[in-house]
Structure formats: structure tokens, C-alpha cells
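Fair warning: this is a prediction, and the values are worked out from it, not measured in the lab. In what follows, chains carry the letters A, B, and so on, assigned in the order in which the sequence lines appear, proteins first and then strands, with residues in each chain numbered from 1.
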Protein chains: 2
Amino acid sequence: MNFTTSEENYIKGIFHLQQENGLVNTNALAAEMQTRPASVTDMLKKLKEKKLLQYEKYKGFKLNEAGKKAALDVVRKHRLWEFFLVEKLKFDWDKVHPIAEELEHINSVELIQRLDNFLGNPSFDPHGDPIPDKNGKIPVIKQQSLSEIPFKKNVTVSSVSNQTAQMLDMLKHYKIAIGTQLTVLKKFEFDGSLEIKVSKQNACIISEQVAKNVFVHDIQ
Amino acid sequence: MNFTTSEENYIKGIFHLQQENGLVNTNALAAEMQTRPASVTDMLKKLKEKKLLQYEKYKGFKLNEAGKKAALDVVRKHRLWEFFLVEKLKFDWDKVHPIAEELEHINSVELIQRLDNFLGNPSFDPHGDPIPDKNGKIPVIKQQSLSEIPFKKNVTVSSVSNQTAQMLDMLKHYKIAIGTQLTVLKKFEFDGSLEIKVSKQNACIISEQVAKNVFVHDIQ
DNA sequence: AATAAAATTTAGACAAAACTAAAATTAAAA
DNA sequence: TTTTAATTTTAGTTTTGTCTAAATTTTATT
Ligand SMILES: [Mn+2]
Ligand SMILES: [Mn+2]
Ligand SMILES: [Mn+2]
Ligand SMILES: [Mn+2]
């Protein structure tokens, strides 16, 4: 099956929301897609017509298996392109999302297969998010929020759950990226901020909000 | 200025036709774009409105300076992506056009600048066509049709003027590509076909039609 | 110069994707 | 359990890009 750019964007949006909540509702998707609820309803009819969606009027909706496969396909393309932009074209990680948002809609199975090989079949994108393989299979890793890590334990940054350009820009200033080694030294009870050591550099302090959105795994 | 995908395709189509004939007419552009004359007229109004076109009803049309700059920009993107697909992703040269036809519409100045650098600022695409620089400047080379080359002279293939997939597939079978060294050995008066030597391989025979569409320059 | 043919434009329609405003349905509060 | 509020859908428009059929203009031919 082949989808329009708009359909692909909606499919991806629904997939993202249903990961957390199961059923998705119209207003939430409208917010996610930066559009109006009425536009969402229009698209839901099309996606149901194309048998990608379980949907009953007023009752919420979610992707069926065909829909999930379609979503994973778009996610795969998006993350491979992001990897390309950062690893090959040397973009900063906070600049690649809007470009990948367009590149993900180029439809050529051979293009993506060749791109995947050219990049060395990467498992994670520049933000630490897993890249589905061509069958939609996603690699999983055990990870924890930095805010739950005990003091003095060495950990490696594995992903970032808030991926706004603002957040990524902030982490860039802290020199925190995927793969960076960290140690939590101290927690300040006043506002929950953490003193951490980044790689072999001086210690610095990050807010509780930042800590909650940085995910890490054990050093290997 | 920013253009829609459809506008960019039309601009490129007009540019291509006006290279040869100066003024372009509606039916020719409709044929080039595989669309209907009425659709062309509609688009001409939009492009004139955007001040890219010299156009008077019933009198033909051509791009003005702004239009030419816009066209060169799309051509630049198209050819850089083709170069990427062949040199980095190892596509055959007869498979890249339709994919580049989509990639050329991704609008990000930084993306194209970085891609250009990543590719080593190439001057020619996989079919030997010149790649405009970011100011729209095009490198020129002296070249002649293979059908006009004297016998025994060593020449190098520089471009191909018929770029249908069928033609490119045929040249692939002859192992003729951009940069290939050739020598014309003999012309058969019966049908104008040429006996040629390709690189250091055995001699073979190509039709007059093929010879006319292969362009070469002196060996350097 | 009149007529026929070809090229081009206009008029009107359609599909996709968005919107606003109003109606319908469901959920929450009094 | 009414009443109110929030959510969702419908109805009707708009924009972009396409189309067909008909009208207009230009070009070619008698
Ligand atoms: Mn997108
Ligand atoms: Mn990402
Ligand atoms: Mn194109
Ligand atoms: Mn080319």
C-alpha cells in the first residue's frame, strides 16, 4: 500500500500517541498534529476506509496491525534519515528533525534498503530512539531515567525523551549526547536538581526536569 | 522565494525547453510534463503572478532571470541527489532519475550545502550533466557527439543526451559510462552504425542513434 | 481572403487537505 | 437527574492542482 504525505504523518502521530495510552482521541491527535479536530475526523474516515484503523465515532481509535506496520515503516525512514544527517552530513542533533520529517515521505523501498546498508544498519537514531528493521522489528534496551540513578554509579546516555529543539540545544551546551558517560554526584533537595559529572570534565548541575528526560543504561 | 513541488517541476520543465528553443509553447510543455495544455495554462498564470515568467496569452513564454535562478536551484538539487545515489548508495545510473525527481523538492539550503560538501563539490552528475553551484553558475566543457569523431582518436565519454532508462540500460550493457575511454574504428555505410573499442575490451558495434546521443571530449 | 486546422485559453467540475461555524454526542457538575 | 461543559462530528468553504469540453485565437491551406 502507498500513502500520501499527509496520511503518513497522521499514521505516525496516532502510533506515537497510542504507544502511551492505547486508545487515542481526536483532540489529542489534533494537538499532536498541530491541526483542528475537524481535520482529524476527516482523516480518520480515510484511514478507516483504507483499513488501517479501528475507529468508531465518538469512541476513540487506534491503528490495527496494518496501520502499525505502516507507522513503523515511516518511523524507520525518519530515523535512518536522521542518522544520515548527523553521521554523514554532520548536522547537530537538534537540527535534523524537520528535514527528516520531509525525507521520510520519499517512497522507494530500494532507496531505504541501500541507505540502511550505507549507514551500516544502525540500531538507534541520533536521539537514541530505536530504528525498526524492514520487518518492523524494534531493538529494545533496558534504560532508566537519570533521575532514578544512585550516586557514584557510572552510566551511559541512551536516549532523550523530550526532543524539542530547545531541550536538545541545552544538552548540547552541557556536552551531553547519546553515548556520553555520566555519574550522579549529589541531589539538591531544594529544587531536585542534580550535580553530575559529564565524561571526564568538571561537575555541573542540571535541573530535575532535564534529569527526568535523559535516559541512561549501565556502562558496558 | 519558496515554491510548491508542482511549481518547481514546471519551472524545471520550462527551463529545459527554453534552453533549446528560446520561447516555449503550451503544447510542448504539456508533453514534457505529461499533463494537459489546460493545466499548463493554469500554472503559467501562477508563475507569471509570482514574477518568474515572461508570458503573454497565445504568444508563448519563457523564464525571466528570477525564474532561471529558481530553475537552476532545482536542477542543482536534482543532480546532487543523483550523484549521491550513484556514488554513495551504488545505484545504477538508469535508476536514479525518478528518486531524484522527489528528493529535489526537499527545501533546506543547509541540507544542500552540506550534501554538496559531503559529495566533494562535484561538477557533473552521473549522466555527465553539469551541476550548477549555489549561485547558479554552470561549468562548461567542450564536447562533441561520438558520431562526429574521426577514426582512431582516443576520447572520453562526457555525457549522454538521451537519458531514458532504456538508453542508459543499453549503454550499461555496452559497459559505456561517463569517463569511459573510446575509439571509433569504422563506420558502416549501410546503416551508419559504428565499430568502436570500449576501454581495453573487444570492439563492438553501436547504432547511429546511440552514437549521436553519446558525447565525448578529448582525453586528458 | 475565406475557410479549415491547430494551438491555446476559459469555464466548470473534481479530489485532497485544510479551515470555521454549527450540530450532535458524551462526560462532568450542580 | 437535569443542566452545563467538553468533545467530536457534520456541513459548508477554501486552496491547489488536476481534468474535460467548449470557446477563442492564431496559423495554415485552399
Ligand atoms: Mn513527515
Ligand atoms: Mn530522532
Ligand atoms: Mn520533481
Ligand atoms: Mn542526471
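- At whole-Å resolution of the value, NZ in A:Lys48 and C1' in D:dT8 are 15 Å apart.
- Of the candidates D:dT9, D:dT18, C:dA18, D:dT18 carries the atom nearest the B:Tyr10 side chain, counting heavy atoms from C-beta on.
- You'll find a donor-acceptor pair under 3.5 Å spanning the side chain of B:Tyr58 and the base of D:dT24, going by distance alone.
- The side chain of B:Thr35 contributes no N or O atom lying less than 4.0 Å from OP1 or OP2 of D:dG17.
- Between B:Tyr55 and C:dT9 there is a side-chain polar atom (N or O) within less than 4.0 angstrom of OP1 or OP2.
- Regarding B:Asn25, its CG atom lies at a distance of 12 Å from the C1' atom of D:dT26, rounded to whole Å.
- The side chain of A:Ser39 places an N or O atom within less than 4.0 Å of a non-bridging phosphate oxygen (OP1 or OP2) of C:dC19.
- Where A:Lys57 and A:Arg36 meet DNA chain C, the nucleotide closest to each residue was compared, and A:Arg36 sits on the side nearer the 5' end.
- A close approach under 4.0 Å does not occur between any side-chain nitrogen or oxygen of A:Thr4 and OP1 or OP2 of C:dA16.
- One atom, CG of A:Leu23, and another, C1' of D:dT7, lie 15 Å apart when rounded to the nearest Å.
- Distances were taken from every side-chain heavy atom of A:Thr26 (C-beta onward) to each of C:dA17, D:dT9, D:dG17; the shortest belongs to D:dT9.
- A salt bridge does not link A:Glu49 to A:Lys46: none of the charged nitrogens lies less than 4.0 Å from a carboxylate oxygen.
- One can place CG of B:Leu53 at 14 Å from P of C:dT8, the figure rounded to the nearest angstrom.
- Between B:Trp81 and A:Trp81, the ring planes lie perpendicular to each other; the angle is over 60°, past the 30° to 60° tilted range.
- Whole-Å rounding puts the A:Lys50 NZ to C:dA16 P distance at 8 Å.
- Atom-to-atom, NZ of B:Lys59 to P of D:dT25 comes out at 11 Å; the value is rounded to the nearest Å.
- Which of D:dT16, D:dC19, C:dA18 sits closest to the side chain of B:Ala38 comes down to D:dC19.
- Counting only distance, with no hydrogens or angles, the side chain of B:Arg79 and the backbone of B:Pro130 share a donor-acceptor pair below 3.5 Å.
- Atom pair A:Lys45:NZ and C:dA18:P shows a separation of 14 Å (rounding to whole Å applied).
- In this structure, A:Phe84 and B:Phe118 have perpendicular ring planes: the angle between them is above 60°, well past the 30° mark.
- Proximity of A:Ser6 to the phosphate of C:dA18: a side-chain N or O atom is located under 4.0 Å from OP1 or OP2.
- One finds no side-chain N or O of B:Thr41 lying less than 4.0 angstrom from the OP1 or OP2 phosphate oxygen of C:dT10.
- Remark: B:Asn27 is in phosphate contact with C:dT8, judged by side-chain N or O atoms under 4.0 Å from OP1 or OP2.
- Nucleotide D:dG17 holds its P atom 19 Å from the CD atom of B:Gln34, rounded to whole Å.
- Side chain of B:Asn135 to main chain of B:Lys137: no donor-acceptor pair is present (N/O by atom type, distance under 3.5 Å, no hydrogens or angles).
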